[in-house]
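Whatever order the structure lists them in is the order used to number ligands and atoms, beginning at 1. Just so it is clear, the structure is predicted and the values come from calculations on it, not from any experiment.
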Amino acid sequence: MVDLGGKTVVITGGARGLGAAAARAVVDGGGRVLITDVLEAEGAETADRLGGAARFLRHDVTSEADWQAALDHAMAVFGRIDGLVNNAGIAAGRLLEEESVEHFREVVETNLVGVFIGIKTAVPLMRAAGGGSIVNISSAAGLTGLALTAGYGASKWGVRGLSKIGAVELAEAGIRVNSVHPGMTLTPMTAPVGIQAGAGNFPGAPLGRVGVPEEIAAAVAFLLSDASAYVTGAELAVDGGWTAGPTVRHLTGQ
Ligand code: NAD
């Protein structure tokens, strides 16, 4: 378990899925967390389950005013913000030719513009506190050209690039910025795909299975913690090797 004692973290889209698992990892590591989401009932329940070290606030990441209110709330409750996890996101599998301009814009607005506003709003607070760690949840779709992800993939490549720009520009303020690239992971987002846990259920990844939220959360916790003090501008694939290269099992029969 990673030591997050004394740290306070804001996690967007934390009502369920990867964000909720990351919130659990922060609390288990001894930190405190503000979960934000547009899903009010689920967000409040998730925070309740985590006990006194967790709070919830409704927050739409596409809104500048909501961002200011969320971070003001975190400052009022915790007195400081050491970590920000830009996790909120939306996905839909559509062929590029079938993607509408309207939907492409909507996905980019949430997945990329939302991350930009979050970084921009958090930086003055972290700068004043002497530093911090920003973890942006991109995707395997931000490392490769994954079919059926036109708007989503473009937004996740954008998150990867924005993370590098942030790492370079904000190092002087003591702020580290890294991206995490989950592979296929069992959450409400991927439920419609019909994936199942267990060995052999995802042959596309060299490890042969899909991930579980706790495996992504462990990477997030590492990047939030001082154990990663010399890590910034990194892109951490947590994908069972999915983006490392094609498997050739279908050729060799092994
Ligand atoms: P999820 O749908 O279970 O959770 C995403 C959360 O984001 C939801 O609670 C949702 O309400 C919230 N959200 C959506 N739009 C929002 C907005 N405008 N403002 C605030 N909150 C909003 O999905 P998940 O699988 O837990 O995904 C979390 C992140 O991980 C996303 O950025 C996703 O793209 C990324 N990711 C997931 C996978 C996977 O296989 N599950 C793989 C790669 C990347």
Side-chain angles (χ1 to χ4, degrees), residues 10-25 34-47 56-67 69-71 84-93 103 105-118 121 135-144 146 148-160 162-163 179-197 201-202 204-205 209-217 219-220 223 235-240 242-243:
V10 176
I11 301 180
T12 69
R16 66 185 196 189
L18 303 187
R24 162 68 66 191
L34 175 65
I35 294 167
T36 78
D37 207 296
V38 287
L39 298 179
E40 292 190 54
E42 270 184 79
E45 276 168 32
T46 300
F56 171 74
L57 188 72
R58 190 196 186 279
H59 165 210
D60 180 340
V61 295
T62 64
S63 159
E64 275 186 81
D66 273 19
W67 263 111
L71 298 189
L84 169 64
V85 183
N86 281 306
N87 165 80
I90 54 176
H103 184 255
R105 283 206 173 108
E106 184 194 337
V107 172
V108 169
E109 188 72 19
T110 302
N111 294 4
L112 178 56
V113 180
V115 173
F116 164 70
I117 305 171
T121 314
V135 182
N136 297 323
I137 308 300
S138 176
S139 169
L143 293 170
T144 59
L146 195 62
L148 296 166
T149 70
Y152 183 79
S155 72
K156 294 301 188 179
W157 276 80
V159 167
R160 177 185 175 199
L162 189 62
S163 303
S179 56
V180 171
H181 300 258
M184 193 63 85
T185 311
L186 277 175
T187 69
M189 179 182 276
T190 52
V193 181
I195 54 175
Q196 303 290 328
N201 280 338
F202 191 55
R209 63 173 179 83
V210 299
V212 293
E214 292 71 23
E215 292 172 317
I216 315 302
V220 172
L223 290 171
E235 46 192 53
L236 181 48
V238 190
D239 65 354
W242 197 20
T243 56

Backbone N/O of [Y] and side chain of [X]: donor-acceptor pair under 3.5 Å:
X      : Y      : result
Trp157 : Thr144 : yes
Asn87  : Ile11  : no
Thr149 : Leu146 : yes
Lys156 : Ile137 : yes
Asn111 : Ile90  : yes

[atom] [closest protein heavy-atom partner, distance rounded to 0.1 Å]:
atom                    : result
atom 25 (O) of ligand 1 : Thr187 OG1, 2.5 Å
atom 13 (N) of ligand 1 : Ala88 CB, 4.0 Å
atom 19 (N) of ligand 1 : Val61 N, 3.0 Å
atom 4 (O) of ligand 1  : Arg16 NE, 3.7 Å
atom 5 (C) of ligand 1  : Gly89 O, 3.8 Å
atom 26 (O) of ligand 1 : Leu18 N, 2.8 Å
atom 31 (C) of ligand 1 : Asn87 O, 3.1 Å
atom 23 (O) of ligand 1 : Met189 CB, 3.2 Å

[X] heavy atoms, cut-off 4.0 Å: which ligand 1 atoms fall inside?
X      : answer
Ile90  : 14 (C), 15 (N)
Gly17  : 3 (O), 26 (O)
Thr110 : 15 (N), 18 (N)
Asp60  : 17 (C), 18 (N), 19 (N)
Tyr152 : 33 (C), 34 (O), 35 (C), 36 (N), 43 (C), 44 (C)
His59  : 19 (N), 20 (C)
Ile137 : 29 (C), 30 (O), 35 (C)
Thr185 : 39 (C), 40 (O), 41 (N)

Only one of Asp239, Thr190, Ile216 passes side chain to side chain contact (heavy atoms under 4.5 Å, CB included) with Thr185; say which it is.
-> Ile216
Pairwise distance [atom1]([X]) to [atom2]([Y]) - rounded to 0.5 angstrom:
X      : Y      : atom1 : atom2 : answer
Phe56  : Leu39  : CZ    : CG    : 7.5 Å
Arg105 : Thr110 : CZ    : OG1   : 14.0 Å
Glu235 : Ser179 : CD    : OG    : 5.5 Å
Leu186 : Ile195 : CG    : CD1   : 4.5 Å
Leu18  : Glu215 : CG    : CD    : 11.0 Å

Does ligand 1 have any atom that is closer than 4.0 Å to a heavy atom of [X]?
X      : answer
Gly183 : yes
Ser138 : yes
Lys156 : yes

Determine the minimum heavy-atom distance between [X] and [Y], stating which atoms define it.
X      : Y      : answer
Gln196 : Val210 : O-CG2, 3.6 Å
Gly183 : Trp242 : CA-CE3, 3.8 Å
Trp67  : Ile117 : CD1-CG2, 3.5 Å

Would you indicate which of Gly13, Ala21, Ser139 comes nearest to atom 7 (O) of ligand 1 when only heavy atoms are counted?
-> Gly13
Closest to atom 8 (C) of ligand 1 (heavy atoms only, candidates Asp37, Thr62, Asp239, Val159) is Asp37
Part of Ala91 with heavy atoms under 4.0 Å of ligand 1, whether side chain, backbone, both or neither | neither
Should the proximity of Thr190 to ligand 1, defined as any heavy atom under 4.0 Å, be assigned to the side chain, the backbone, both, or neither?
-> side chain
